[in-house]
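A note on names: the letters A, B, ... follow the listed sequences, proteins ahead of strands, and every chain is numbered from 1.
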There are 2 protein chains.
Amino acid sequence: MNIGDVAERSGLPAKTIRYYEEIGLIAPRRAANGYRSFAEADVHKLAFLGRARALGFGIDDCRSLLQLYGDDGRTSAEVKHIAEDHLERIDAKIAELTEMRATLARLVHACAGDHRPDCPILADLARAEGRG
Amino acid sequence: MNIGDVAERSGLPAKTIRYYEEIGLIAPRRAANGYRSFAEADVHKLAFLGRARALGFGIDDCRSLLQLYGDDGRTSAEVKHIAEDHLERIDAKIAELTEMRATLARLVHACAGDHRPDCPILADLARAEGRG
DNA sequence: CATTGACCTTCCAGCCGGTGGAACCCCTAT
DNA sequence: ATAGGGGTTCCACCGGCTGGAAGGTCAATG
């Protein structure tokens with residue numbers, strides 16, 4: 001299977017697949033003409049990676065997850081540990097964004113949005129002492 | 001004022017301040033010895049930038065906000081527009097993360113996290129057809 | 001058999017918003 | 001004179017790709 005077919009089947013762009021090979025996440029064979037020659041297992045791995053990435057796992061986590069996936073001696077505790085750490089990072093990010101959102105929404109709400117120059121948003125940015 | 005003092009007063013690392021000069025957000029004078037020589041207005045601008053960045057505005061937005069801030073002929077509508085766009089992007093990001101979080105939390109919950117290899121997390125990544 | 005066009009290859013550059021480090025200059029205190 | 005704590009420039013790197021140039025390969029045409 002050539003990279004185009006694999007891209008279609010895995011849902012990942014060809015560029016990304018080449019990149020994943022470059023950083024050692026997959027290692028497809030090569031045909032005599034130099035083209036990458038993908039096996040079903042590669043497609044499977046790539047789909048796995050696509051789903052892990054879609055859940056927000058970083059490349060390093062993906063590497064670990066893939067390794068655990070292929071390791072019969074793994075424990076589910078190892079996998080869970082990675083996922084829990086990631087969950088914490090997501091929660092932290094959500095909390096951060098939620099705080100931003102609250103401040104921003106308050107400012108947007110306070111701003112008339114008309115032709116006049118007076119603007120609570122700029123006022124807040126220019127001098128944020130007193131409130132968060 | 002030298003960059004170190006400005007860093008302390010604005011809360012931004014000296015590296016970042018140099019970077020902001022490089023990309024044209026600020027333009028401090030230079031002393032005879034080549035050192036950057038910051039005025040109060042520069043410190044003010046940097047603090048403004050720091051707060052805008054803390055609200056998640058991108059550098060381009062910061063540039064626009066700074067420009068509007070210094071423009072007496074601005075309208076609050078222009079400022080509000082930038083903020084509303086940004087608010088939408090934040091909401092989209094929160095929604096994305098919240099969805100990730102939901103899936104991930106479900107998987108983590110379903111995983112025993114013990115010494116055995118069976119793991120719903122890996123199972124889901126390996127074959128995610130049927131559920132989101 | 002030559003050409004077209006879709007595919008594949010490699011390599012280099014860029015995105016965002018900095019951050020780290022090397023190599024060097026400047027200023028003050030001892 | 002020297003030590004140290006500033007400052008300066010420049011270049012490389014982070015994540016995770018993405019775009020594009022330059023060129024090789026292949027199947028189907030005229």
Side-chain angles (χ1 to χ4, degrees), chain A residues 1-38 42-43 45-46 48-66 85-86 89-90 92-93 96-97 100, chain B residues 1-38 42-43 45-46 48-66 85-86 89-90 92-93 96-97 100:
Chain A
M1 222 177 331
N2 283 348
I3 201 166
D5 311 305
V6 177
E8 199 173 346
R9 286 186 51 196
S10 68
L12 297 173
K15 278 271 187 191
T16 299
I17 297 172
R18 291 195 193 99
Y19 173 68
Y20 284 177
E21 182 190 24
E22 191 189 324
I23 63 174
L25 287 177
I26 52 165
R29 291 170 193 267
R30 293 290 177 140
N33 60 11
Y35 286 18
R36 286 171 186 81
S37 178
F38 294 85
D42 293 315
V43 181
K45 271 191 189 181
L46 286 166
F48 182 103
L49 288 169
R51 288 188 289 257
R53 293 286 300 126
L55 284 180
F57 285 105
I59 292 289
D60 276 356
D61 281 349
C62 289
R63 203 186 298 276
S64 305
L65 290 169
L66 209 47
D85 275 7
H86 180 46
R89 269 174 279 142
I90 286 182
K93 193 76 196 164
E96 188 192 344
L97 286 171
M100 280 182 188
Chain B
M1 223 178 327
N2 283 348
I3 202 166
D5 310 305
V6 177
E8 199 172 346
R9 286 186 51 196
S10 68
L12 297 172
K15 278 269 187 193
T16 298
I17 296 173
R18 291 195 192 97
Y19 174 67
Y20 284 176
E21 182 190 23
E22 191 188 325
I23 64 175
L25 287 176
I26 52 166
R29 292 171 192 266
R30 293 290 177 141
N33 61 10
Y35 285 19
R36 287 169 186 84
S37 178
F38 295 84
D42 293 315
V43 181
K45 272 191 190 182
L46 287 166
F48 181 104
L49 288 168
R51 289 187 287 255
R53 294 286 301 126
L55 284 181
F57 285 105
I59 291 289
D60 276 356
D61 281 349
C62 288
R63 203 186 298 276
S64 306
L65 291 169
L66 210 46
D85 276 9
H86 181 45
R89 269 174 280 141
I90 287 182
K93 193 76 195 165
E96 188 192 345
L97 286 170
M100 281 182 187

Side chains of residues 11-18 of chain A: which donor-acceptor pairs under 3.5 Å do they make with residues two or more places apart or in other chains?
none

Closest to the Tyr35(A) side chain, choosing from dG16(D), dT25(D), dT8(D):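 Selected nucleotide (nearest to the side chain): dT25(D).
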
Let's go through Leu66(A) and Phe48(A) carefully: what are the C-alpha distance in whole Å and the side-chain angles of both, what is the deciding distance for side-chain contact (heavy atoms from CB on, under 4.5 Å) to 0.1 Å, and is it a yes or a no? CA-CA 8 Å; Leu66(A) 209 47; Phe48(A) 182 103; 3.4 Å; yes

Quick one: is Arg36(B) getting a side-chain N or O under 4.0 Å of the dT9(D) phosphate, OP1 or OP2? yes

Tell me whether the side-chain N/O atoms of Asn33(B) come closer than 4.0 Å to OP1 or OP2 in dG7(D). no

Any residue meeting ring pair (Phe, Tyr, Trp, His ring centres under 6.0 Å) with Tyr20(A), in chain and number order, not counting sequence neighbours: none

Any residue meeting side chain to side chain contact (heavy atoms under 4.5 Å, CB included) with Glu8(B), in chain and number order, not counting sequence neighbours: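 Not a single residue meets the side chain to side chain contact (heavy atoms under 4.5 Å, CB included) criterion with Glu8(B).
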
Output side-chain donor-acceptor pairs under 3.5 Å for residues 53-64 of chain A, partner residues at least two apart or in another chain, one line each.
residue, atom, partner, partner atom, Å
Arg53(A), NH1, Phe57(A), O, 2.6
Asp61(A), OD2, Arg89(A), NH2, 3.1
Arg63(A), NH1, Ile23(A), O, 2.7
Arg63(A), NH2, Ile23(A), O, 3.3
Ser64(A), OG, Asp60(A), O, 3.1

How sharply is the helix from dC1(C)-dG30(D) to dT30(C)-dA1(D) bent, taking the axes over five pairs at either end and rounding to 10 degrees? 40°

For DNA chain C, which nucleotides open and close the run of contacts to chain B, 5' to 3', at under 4.0 angstrom from a non-hydrogen atom?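 Result: dG17(C) to dC27(C).
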
Listed in order of residue number, which residues of residues 10-24 of chain A have a non-hydrogen atom at under 4.0 Å from DNA chain D?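 Contacting residues: Pro13(A), Lys15(A), Thr16(A), Tyr19(A), Tyr20(A).
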
Of all residues at least two apart in sequence or in a different chain, which pass the salt bridge (charged side-chain N to carboxylate O under 4.0 Å, His left out) check with Arg30(A)?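 Glu21(A).
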
